[in-house]
Amino acid sequence: MDLSKLKSFIVVAEELNFRKSAEILGISQPPLTRLISSIEEELSTKLFERTTRQVKLTGAGVYLLKEGKEIIDRVENLEREVRSIGKLKAGGLSIGFSTTTFLASLPQIIGEFQDRFPKLKFQLHQESRNRILKGLRSGQFDVCFMEGTVSEEGIEKHSVNDEGFGVLVPKKHPLAKRKEIELKELKNETIILHPKKETGNFYDTIFQLFKQSGIKPKVYLKNERESCPILVATGKGVSLTILGAQNVAPSQTQFVPIKKLYLPVSVFWMPENKNPSLNTFLSFVIESSALKNKKAECLLDVMRL
């Protein structure tokens, strides 16, 4: 059943009058009657109960009306968005992001998008999690990339990538030669962390994770001027991070995966944002982010186990 037939059915289903429906559609009544019959034949089911006095929808007809209207709405929205993208010649987006997401997939996403839309310009802002959320709510940022989830009402999100989670250790550390480790093997290590004010719920999640593994970690809280990879390289402790961190970590360090854990990275936005470039960017990100099935556990789901 094509869309033109579906649109004709919707008119008849809403009017429940073949004569009036034919007038609305600009055709005579006999061709419309034949068209509805052809739809019923195609679907092998009756959509209308017709008598000399009235026309009523069958159960199948009621269902097709509901679903059909949603399909038409989606198609019309799609047409509008495609036309909008086609007309988009220039524009800009302000993007907030965390260090973790930059190490994960953000550079690749930005690069591929700019290849398709070279005239769209980006303002990139690397901030702490709390500042990112504040900027998103205030309109300073059009879109943001962060690890984990956000429970605040009114913020939309879509998963972009699942990053392997592990620990960055000094090159000479006994764990550095391992292909992967259990989290409990970090029980005697000093864990380098960002202060809670910078990471919010993620800080609590880490401690819950350790608690469930029977670990009471020794913690080194870094200050604003310190870098986790450099602290690891200079022997201050080990740092929990993602696989992508090894690309920028000092050569004196080694990333070791933690078994069965990964960290989700998502894109966040405010649905009321009217920036014409936003829908184009989100469509591209969502199209490019088909996730592979994971056998590992999401780090942020651990608290719900």
Side-chain angles (χ1 to χ4, degrees), residues 96-107 125-133 145-149 161-266 296-303:
F97 64 94
S98 68
T99 302
T100 298
T101 55
F102 183 81
L103 296 175
S105 49
L106 185 58
H125 307 269
Q126 183 175 352
E127 297 284 2
S128 69
R129 186 179 182 85
N130 289 343
R131 287 178 181 173
I132 288 173
L133 289 173
F145 288 83
M146 294 184 295
E147 64 277 14
T149 59
N161 195 20
D162 290 342
E163 286 292 316
F165 192 72
V167 60
L168 197 68
V169 300
K171 201 85 169 183
K172 295 182 180 179
H173 194 285
L175 296 177
K177 296 180 180 179
R178 299 276 297 280
K179 290 185 177 179
E180 60 179 7
I181 63 169
E182 301 275 359
L183 184 67
K184 62 185 178 182
E185 294 181 73
L186 300 178
K187 65 181 179 180
N188 296 320
E189 303 296 333
T190 297
I191 310 298
I192 300 167
L193 293 175
H194 289 250
K196 184 175 180 178
K197 66 180 181 180
E198 294 181 14
T199 55
N201 291 340
F202 184 68
Y203 182 95
D204 295 327
T205 302
I206 292 295
F207 274 88
Q208 183 69 18
L209 185 65
F210 279 125
K211 184 178 179 181
Q212 291 177 356
S213 298
I215 299 173
K216 232 178 160 178
K218 292 175 284 184
V219 173
Y220 179 99
L221 289 180
K222 67 174 284 295
N223 63 45
E224 289 185 0
R225 296 181 300 277
E226 291 178 318
S227 160
C228 289
I230 292 175
L231 288 171
V232 173
T234 54
K236 295 292 185 182
V238 301
S239 174
L240 297 171
T241 187
I242 61 168
L243 176 62
Q246 65 183 347
N247 297 326
V248 294
S251 58
Q252 301 96 322
T253 64
Q254 178 67 41
F255 176 84
V256 184
I258 296 174
K259 287 181 181 178
K260 297 183 179 178
L261 282 181
Y262 70 90
L263 184 64
V265 171
S266 298
E297 292 178 329
C298 170
L299 175 62
L300 300 177
D301 285 340
V302 171
M303 295 179 70

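Computed from a predicted structure; not experimentally measured.
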(request) Would you give the length of the straight line joining atom CZ of Phe97 to atom NE2 of His125, rounded to the nearest 0.5 angstrom? (result) 9.0 Å
(message) With rounding to the nearest 0.5 angstrom, report the NZ to CD distance, Lys259 to Glu182.
(response) 4.5 Å
(request) Begin with the C-alpha distance, continue with both residues' side-chain angles, and end with the deciding distance and a verdict on side-chain contact (heavy atoms from CB on, under 4.5 Å) for Gln212 and Leu183. (result) CA-CA 10 Å; Gln212 291 177 356; Leu183 184 67; over 6 Å; no
(message) Given 3.5 Å as the limit, does a donor-acceptor pair link the side chain of Lys184 with the main chain of Ile215, or not?
(response) no
(request) Please tell me if the side chains of Glu185 and Arg178 come closer than 4.5 Å, counting only heavy atoms from C-beta onward. (result) yes
(message) Measuring only between side-chain heavy atoms, which start at C-beta, is Ser213 closer than 4.5 Å to Lys187?
(response) no
(message) If you define the side chain from C-beta out and look only at heavy atoms, does anything of Leu261 sit under 4.5 Å from Leu209?
(response) yes
(message) With heavy-atom distances below 4.5 Å as the criterion, would you say the side chains of Thr253 and Pro229 are in contact?
(response) no
(message) Within the 4.5 Å heavy-atom criterion, are Leu186 and Pro217 side-chain neighbours or not?
(response) no
(request) Quick one: list whatever passes ring-ring contact (aromatic ring centres under 6.0 Å, His included) with Phe145, sequence neighbours left out. (result) none
Pairs under 3.5 angstrom only: tabulate donor-acceptor contacts from the side chains of residues 164-176 to other protein residues two or more places apart or in another chain.
residue	atom	partner	partner atom	Å
Lys171	NZ	Gln254	OE1	3.4
His173	ND1	Leu175	N	3.0
His173	NE2	Glu189	OE1	3.1
His173	NE2	Glu189	OE2	3.0

Contacts table for residues 230-240: side-chain donor-acceptor under 3.5 angstrom, sequence neighbours left out:
residue	atom	partner	partner atom	Å
Thr234	OG1	Ile230	O	2.8
Thr234	OG1	Leu231	O	3.1

(request) Over all heavy atoms of both residues, which pair between Arg131 and Glu127 is shortest? Give the atoms and the distance, please. (result) CD-OE1, 3.3 Å
